[in-house]
Amino acid sequence: MRRPTLLLGAFGVLVLLGAGCSIPAASDVRVDGRGGAATEAGVISRGSEPPTRTASGSVNETFVRNFLSAAAGEPDRAYERVKAFIAPEDKIRLQDKKGSEVALNVVRLREAVYTLNSDSTWTVKIAVQQIGVLRTNGTLAPPVATETEYEFGLRSASFTGGVNDDRAGLYIINPPNVLLLSDTALRQYYQDETIYFWSSDRTRLVPDQRYRPQAVPVERRVNEVVKWLVGGPSDWLRPAVVGLPDRTELINNATGGNGRWEVNLDMSGDDQTGIDQVITQIAWSLGDLPGQLELKIRNNAQPVVDLAERRESQTLYPYVASPQRYGVYDGVIHPLDFEGEPSGTVPLAPEANHNVVSASLGLAKDRRILAAMVVTGTSKNRYRLAVGTGADPVSVLSRSGSEYSSISRPVWLRTVDSRPGRGLVVADGQLYRFDETARMFPVPLNLPSAEVTAVAAALDGQRVALIAGGRLYVAAVNLDGAGVSIGPPRELVASLTNPTAVDWGREDQLVVAGSVGQPAIYEISVDGALETPLRTDLGAKVNHLTAYPSNRGVRAPTGAYMYEANGVAYRSSPFERIEPGRVRDIAPVPAGVRPSNPTAPFFLY
């Protein structure tokens, strides 16, 4: 059996590099798509099946890493795969569960300590961060376990008092009575998928993240996706969406191949509009899968639909333009010009474009401009919300009735119809919704800390990210009626601590500024499981961050985000400081006078 002299370093570094993703910490590289992050040689490569018990030989660290991958794959064999690593005399310590009760505790490894015992066995202590519970329906639920450390032993598989044979490998002794899966294994042996549910008012599709084992054959993908849809949305998303009709069941398995798929549902109701929405829901939930779909309702066939044509005709987001960059310079919004990117004019009349601190400009379905800005108040360090909507350029603004000592960058909740615009903003630690006349209404949140510091809205308008009490949350938004209600927020567990700013970078990913010992920006999945360091050498706390939420409806450059730290603005892809020379339509600065810094950058889309 290998006896490492370094107890912490070798294993800890190996795991953390794998878990933190293979992109260098200070890199500005980012990969789009649903296949996960890029990998470097020797770090992580995707595979369908985790290694067997003997694959590591007698190397302690590799064996433990493989043990924490063994549960990956199809749930019905999870206990069998894990028990193959456990010594025969100790298999009974891990109690099997069946069917939907199979759940994997996903953990982020912090460090590991190996202690050699007098009987030639090893004691292993691993420090972990509990991330969540991976269920058989592909959802990652919030963590249930509270353990921050697990202890178990290792012994040689040939250790019987005779000669050790390293080729026999190792066994786990005194195992934890729980299925553990490292976040590295989750990234390596699962495909993260996005499925869709209709919003509660059935006007738009809302993304929901799932994980499909790589071991599931491609031909079964349709069946797995339909089973997920029948099972309903993730718990935290339920307040904003509707599932399939009650008691909907899949009749037999979805079948097909060679570009044609058949799905047979036992679904109540004969409403053709509802059936048509189910077809659209399936088409988008199958990603870019080509071919034809024949949906049957209780064996009654519907017209065959081409999946690509359905996605083309029923877009996810009715109007999403390529992003344009803007920033604030001396209290006035200006376009930011970068080669190869679209750049427009400011959709505000000059009389409405002054005393600006930060802003959010959006495009409504009817092409109206939605403008929400934080502007200076009547005295120093006092601020108001200013809102204006209408045709380009907007010339009339309404202002909030009260002034505040702090106001976050406001965000619009996008809709797909002609309803008046609504948005969210944080003022003096309280979350508010606002309307087109800048009236602000408190939005209650069921959180341990009432001190909210940031809010960001997803492109679908039905999900938000929040920072409250120094913690990161996601929550569903219900827009029924004239008000805005937010479902119970779900806290995300991440390596990044003390978050200061957040925005949506993709449908299923957040861009978050916080700390990993020093100020950093990470990309974090909507369930907190997958994270990628984008920048870890910021040098100063980020107080403002904005991202363009890349999506499957617009073929635009991905990885676009901008931020401000210590009064200086930066952009990504490529990473660089936003200099005054990038700001259009500003007066020349006299010789000897230092130009102002552009601040509070944002995207118009």
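Only heavy atoms go into these numbers, but all of them, side chains included; no hydrogens, no water, no symmetry mates. Only a predicted model underlies this, so the values are computations on that prediction, with no experimental measurement involved.
- Residues Trp412 and Phe434 place their aromatic rings such that the two centres sit under 6.0 Å apart.
- The aromatic rings of Trp284 and Tyr196 sit perpendicular to each other, their planes meeting at more than 60°, with 30° as the lower class boundary.
- Legend: residues meeting side-chain hydrogen bond (donor to acceptor under 3.5 Å, both in side chains) with Arg204, ordered by chain and number and at least two apart, are Asp201, Gln462.
- Of the charged side-chain nitrogens involved, none lies within less than 4.0 Å of a carboxylate oxygen, so that Glu564 and Arg409 do not count as a salt-bridged pair.
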Report, one line per pair, each donor and acceptor closer than 3.5 Å where one atom sits in a side chain of residues 481-500; sequence neighbours left out.
residue, atom, partner, partner atom, Å
Arg490, NH1, Leu140, O, 2.7
Arg490, NH2, Leu140, O, 2.8
Ser495, OG, Glu531, OE2, 2.5
Thr497, OG1, Ser515, O, 3.2
Thr500, OG1, Val542, O, 2.7

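- Proximity of a side-chain donor or acceptor of Gln509 to a complementary backbone N or O of Ser525 within less than 3.5 Å is detected.
- Considering only residues two or more places apart in sequence or on other chains, Asp208 meets the side-chain hydrogen bond (donor to acceptor under 3.5 Å, both in side chains) condition with Arg210, Ser234.
- Applying the ring pair (Phe, Tyr, Trp, His ring centres under 6.0 Å) test to residues at least two apart or on different chains, the pairs with a partner in residues 323-375 are Tyr326-Phe602.
- Counted by atom type alone, Arg310 and Thr280 present one or more donor-acceptor pairs between their side chains at under 3.5 Å.
- In Asp428, the CG atom is crowded: over 12 heavy atoms of neighbouring residues, nucleotides or ligands sit closer than 6.0 Å.
- Under the 6.0 Å distance and 45° angle rule, Arg414 does not count as a cation-pi partner of Tyr317.
- Qualifying side-chain hydrogen bond (donor to acceptor under 3.5 Å, both in side chains) partners for Tyr211, counting only residues two or more places apart in sequence or in other chains: Asp527.
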Task: side chain to side chain contact (heavy atoms under 4.5 Å, CB included) between Leu510 and Val474, intermediate numbers included - done: CA-CA 10 Å; Leu510 304 172; Val474 292; 4.0 Å; yes
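- Note on residues 595-605: no pairs pass salt bridge (Lys or Arg N to Asp or Glu O under 4.0 Å), not counting sequence neighbours.
- Tyr404 and Tyr383 have their aromatic ring centers separated by at least 6.0 angstrom.
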